[in-house]
Amino acid sequence: MLLSLSPLSAPPAAQASTPAWTHDGYGPGNTGYNPAESVVNASRIKKLRLKWRATPRPDIGDCQEQTTPVVASGRMFMIDGGGVGAYSFKTGRRLWNNTTFLQDLVHRTMTVAGGLVISTGYNCFGVSNPSGHIIAFDAKTGNVRWTVLEGSATESVVADRGMLISYSVCEICSSYLVSGYRASDGASMWEQEGALGNPVSATGRLLLTGVDAGSFAVAATTGRVLWRSDTAWSVLASNPAGNQFYVSGPDDQLAALNAATGEVIWSTPMAAGKLAADGRRVYVSREDNVTAYDAEDGRPLWRRAGVPNSRPIRAGGLLYMAGIILSPTNGSLVLSATYSSQLHHAVVIGGRVLRVKDYEVQAYGP
């Protein structure tokens with residue numbers, strides 16, 4: 001069901017210098033890598049100080065949670081009062097808060113696309129068969145632009161090529177559906193049965209795991225099938241160039257696929273996990289170890305034990321893990337610090353490190 005609340009005019013183009021972290025995993029490729037960060041680096045990481053904290057209004061319901069924040073156009077977006085709040089990225093001052101929708105929803109996500117901040121969730125009191133809610137807010141004003149009510153729980157979304165791609169699941173009815181909506185107004189454009197392992201678009205290509213067997217790639221704009229594989233690959237991320245998928249396969253195999261053809265470029269057995277990719281190395285967190293693999297051929301380059309399983313984040317010549325910051329080149333310890341945790345990873349952008357602590361977001365900088 002689609003509800004269009006007001007026409008959406010095209011927002012002005014953002015300046016190239018404006019820092020943006022638009023998805024949980026940085027961008028639509030879910031790479032966990034910000035190539036533009038240069039201020040927070042190895043020489044400054046030990047000099048960071050708290051710059052501001054954004055404390056959300058309490059949720060009036062019983063399902064309060066926080067997401068990893070996203071950043072665009074000088075604003076930081078987070079869950080606020082059960083709805084969505086926008087805060088100045090420079091000062092942490094609240095700019096707007098909208099709690100009209102999204103009360104008592106869990107499994108919240110936050111994504112920025114085309115001048116909109118899009119949040120999703122499903123009812124925490126209807127876990128057996130919840131409906132998924134997708135709400136698009138004007139990023140500047142907080143006004144609701146459009147809403148979509150999905151028949152199943154909205155697990156994740158990714159925005160790319162003017163589209164918002166949703167993955168919704170109904171476990172009790174064995175329904176796994178990937179849907180393409182026009183990001184500007186929420187209009188439904190296409191649907192495909194299949195599972196989207198993680199919210200990943202490799203320059204407009206999506207990799208879906210088949211409901212019964214195999215996997216297949218589709219175009220983000222049309223849902224058209226581009227290629228098929230007999231192997232049930234589950235997508236983890238793309239490389240920064242967007243021409244490869246990093247995937248998990250049978251028996252936790254980690255592999256790199258050509259995004260255009262599905263050809264296996266390299267694979268490593270029993271190695272899949274949470275990862276980040278910077279174009280030179282693929283960093284994988286698995287079983288309290290973090291391992292770096294050569295992005296070209298999959299060779300293990302280094303491994304560090306005793307690192308809690310968490311999402312790796314690469315930015316400014318550093319590798320952020322739960323409770324620790326490492327050198328990406330050799331895995332050596334740079335600093336013991338809790339900017340990342342097992343629940344929320346650090347967001348490193350624009351000379352700031354954003355950290356989620358309980359329900360608030362804290363910004364650190366030199």
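- Asp230 CG: 12 or fewer foreign heavy atoms inside a 6.0 Å radius.
- Alongside Ile324, the hydrophobic cluster contains Tyr283, Val290, Leu301, Trp302, Val307, Leu319, Met321, Leu326, Leu333 (criterion: ILVMFWY side chains under 4.5 Å).
- Interatomic distance, CE of Met163 versus OH of Tyr181, reported as 10.0 Å (0.5 Å rounding).
- A parallel orientation is assigned to the rings of Tyr176 and Tyr167, their planes being inclined by less than 30° (bins at 30° and 60°).
- Formation of a donor-acceptor pair under 3.5 Å by the Thr231 side chain with backbone atoms of Trp233 is not found in this model.
- Judged by distance alone, the side chain of Asp294 and the main-chain N or O of Arg299 form no donor-acceptor pair under 3.5 Å.
- Rounding to the nearest 0.5 Å places CZ of Phe245 at 5.0 Å from CG of Leu207.
- No path of Ile, Leu, Val, Met, Phe, Trp and Tyr side chains, each step under 4.5 Å between heavy atoms, connects Leu177 with Phe216, placing them in separate hydrophobic clusters.
- With hydrogens and angles left out, the side-chain atoms of Ser119 and Arg108 include a donor and acceptor closer than 3.5 Å.
- The backbone N or O of Met78 lies less than 3.5 Å from no partner atom in the side chain of Asp80, so there is not a single donor-acceptor pair.
- Distance check: Asp160 CG to Arg205 CZ gives 10.5 Å after rounding to the nearest 0.5 Å.
- If you check the side chains of Thr120 and Thr109, you find a donor sitting under 3.5 Å from an acceptor.
- When atom types are taken as modelled, the side chain of Asn34 and the backbone of Ala36 share a donor-acceptor pair closer than 3.5 angstrom.
- Proximity of a side-chain donor or acceptor of Asp138 to a complementary backbone N or O of Asn143 within less than 3.5 Å is not detected.
- One N or O on the side chain of His23 and one on the backbone of Ala159 form a donor-acceptor pair closer than 3.5 Å.
- The hydrophobic clustering, which links ILVMFWY residues whose side-chain heavy atoms are closer than 4.5 Å, places Tyr359 and Tyr364 apart.
- Considering every non-hydrogen atom in both Trp21 and Gly25, the closest pair reads NE1-C, 4.3 Å.
- Between Phe77 and Trp96, the ring planes are tilted. Angles from 30° to 60° get that label.
- For Glu360, the side-chain hydrogen bond (donor to acceptor under 3.5 Å, both in side chains) test picks out Arg53, Thr55, Gln362, with sequence neighbours left out.
- Side-chain N or O atoms of Glu37 include one that pairs as donor or acceptor with a backbone N or O of Val39 at under 3.5 Å.
- Asn41 places no side-chain N or O within donor-acceptor distance of the main-chain N or O of Gly316, the cut-off being under 3.5 Å.
- Taken to the nearest 0.5 Å, the OG1 atom of Thr221 stands 9.0 Å off from the CZ atom of Arg161.
- Here the side chain of His345 pairs a donor or acceptor atom with the backbone of Asp24 at under 3.5 angstrom.
- Considering only residues two or more places apart in sequence or on other chains, Arg286 meets the salt bridge (Lys or Arg N to Asp or Glu O under 4.0 Å) condition with Asp252.
- Linking ILVMFWY side-chain heavy atoms closer than 4.5 Å, directly or via other members, places Val247 and Val264 in a single hydrophobic cluster.
- When hydrophobic clusters are built by joining Ile, Leu, Val, Met, Phe, Trp and Tyr residues whose side-chain heavy atoms come closer than 4.5 Å, directly or via intermediates, Tyr339 is grouped together with Val71.
- For the residue pair Thr329/Ser327, the side-chain donor-acceptor check at 3.5 Å is satisfied.
- Ring geometry, Tyr246 versus Trp266: the interplanar angle falls from 30° to 60°, so the pair is classed tilted.
- Contact record, Val117 with Val84: CG1-CG1, 4.4 Å, taken as the closest heavy-atom pair.
- Shown here is Lys140, whose NZ atom has no more than 12 heavy atoms of other residues, nucleotides or ligands within 6.0 Å.
- Between Ser285 and Pro308, the shortest heavy-atom contact is OG-O, 4.0 Å.
- Residue Asp212 qualifies as open at atom CG: its count of foreign heavy atoms under 6.0 Å is 12 or below.
- Leu149 contributes atom CG, which lies 8.5 Å from atom CD1 of Ile135 (distance to the nearest 0.5 angstrom).
- Hydrophobic clustering keeps Met270 apart from Leu236 (ILVMFWY residues linked when any side-chain heavy atoms are closer than 4.5 Å, directly or through intermediates).
- Taking OG from Ser340 and CD1 from Ile325, the interatomic distance works out to 8.0 Å, rounded to the nearest 0.5 Å.
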